[in-house]
Q: 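Let me begin by handing over the structure; questions about it come next.
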Amino acid sequence: MTTAEGFAPAKLNLTLHVTGQRADGYHLLDSLVVFADIGDRLTYQPGPELALTVGGPFAEGVPTDQRNLVWRAAEACGWTGHIHLDKSLPHGAGIGGGSSDAAAVLRDLGGPREAALPLGADVPVCLSPYPQRMMGIGEHLSAVSRFPAWDMVLINPGVQVPTPQVFQALDTKHNPAVSEIPVTGTRADMVAWLSRQRNDLQAAALCCAPQIQPVLDTLRGAELARMSGSGATCFGIYPDAAEARRAAQHISQAHPEWWVQPCRTRGRTSD
Ligand code: C5P
């Protein structure tokens, strides 16, 4: 029996506008989502029963049963065998974590698209590695054509921020949508445009986890610094890979207790 491999990239919300709330409590979002070249890795070995093992730098505390979205995604595929999940990404961190893992399983094992949303609002967007605009609670997706790749530094200060708590701490749930994406502009136009957009969860997350503020302060030298998802991970955009690497090295030395990772996001050059 052959072993197959999968990759679950880090998900980054370049923008995350909260535009309303449904009757069931879920929030309506308008988010520009991209994926990085760093992430978790999975291997699949078919067998008679489902089994999950977890390793890697962020294995601690990751469940190896039905509580793990990887397990539930494999069940939704009707697949059995041994899955090994190598966790390189911090979890509860606003960069996809379990959602990207679950989407990778659905993709790799040929699961149905409809299985994604019930696993989590962020799972459908993680089925594609390309830049997408995500609306509704996460189910309305449209591909963004001609979108640049970004050299970034990701920083997580080692604090887990529970997503429901951040949504509850929101002051206002009816904010303006993302303005039209300038797909024909220069890179500088795009940075300027991104700077005018927001992550509406950022202020709420800062209330729950003040440790996020020093991360944003440290990223002040970047072209743009913002939190992803419901936090606590923040990204800084840099002019090129060498500058991102240099900044990451610098920040790691100053804050050895933080998870600091240079990366490049995937862009799109045609429709
Ligand atoms: O769907 P998921 O399990 O990832 O969501 C976790 C929690 O985040 C939900 O229970 C809900 O409290 C909150 N959430 C929300 N609106 C969204 C997505 C998540 O209120 N669009």
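Counting starts at 1 for both ligands and their atoms, in listed order. By convention here, the first residue in the shown sequence is residue 1. Atoms considered below: every heavy atom in the structure, side chains included; atoms not considered: hydrogens, waters and symmetry mates.
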Q: Checking a contact table here: which protein heavy atom is nearest atom 13 (C) of ligand 1, and how many Å away?
A: Phe167 CD1, 3.5 Å
Q: Would you say ligand 1 has an N or O under 3.5 Å from any N or O of Ala121?
A: yes
Q: Verify whether one side chain among Trp258 and Ser252 offers a donor that lies under 3.5 Å from an acceptor in the other.
A: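 Trp258 vs Ser252: no donor-acceptor pair found between side chains.
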Q: Does atom CZ of Arg22 have more than 12 heavy-atom neighbours, drawn from other residues, nucleotides or ligands, at distances under 6.0 Å?
A: yes
Q: Is Arg268 close enough and on-axis enough to Tyr130, meaning under 6.0 Å and within 45°, for cation-pi?
A: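 Geometry flag: set, cation within 6.0 Å and 45°.
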Q: Below 4.0 angstrom from a heavy atom of Ile137, which ligand 1 atoms are there? Numbered from 1 as shown, please.
A: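 Those atoms are 21 (N).
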Q: Find all atoms of ligand 1 within a distance of less than 4.0 Å from any non-hydrogen atom belonging to Gly120, and give their numbers and elements.
A: 1 (O)
Q: Ignoring hydrogens and geometry beyond distance, is a side-chain donor-acceptor pair present between Gln132 and Ser142 at under 3.5 Å?
A: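 Side-chain D/A pair, Gln132 to Ser142: absent.
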Q: Does Leu29 come within less than 4.0 Å of ligand 1, judged by its heavy atoms?
A: yes
Q: Please report the closest heavy-atom contact between Pro112 and Ala76, naming both atoms and the distance.
A: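 For Pro112 and Ala76, the tightest heavy-atom pair comes out as CD-O, 3.7 Å.
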Q: For residues Thr53 and His82, is any side-chain donor paired with an opposing acceptor at under 3.5 Å?
A: yes
Q: Please report whether ligand 1 has a polar contact with His27, defined as an N or O pair separated by less than 3.5 Å (distance criterion only).
A: yes
Q: So which bit of Tyr26 gets within less than 4.0 Å of ligand 1, heavy atoms only: side chain, backbone, both or neither?
A: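 The answer is both, backbone and side chain.
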Q: Please work out which of Gly98, Gly97, Pro164, Gly229 has its closest non-hydrogen atom nearest to atom 7 (C) of ligand 1.
A: Pro164
Q: To the nearest 0.1 Å, how far is atom 8 (O) of ligand 1 from its closest protein heavy atom, and which atom is that?
A: Thr163 CG2, 3.3 Å
Q: Using distance alone, with no hydrogens and no angle criterion, decide if Thr80 and Glu49 have a side-chain donor and acceptor under 3.5 Å apart.
A: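 Not at all, the side chains of Thr80 and Glu49 share no donor-acceptor pair under 3.5 Å.
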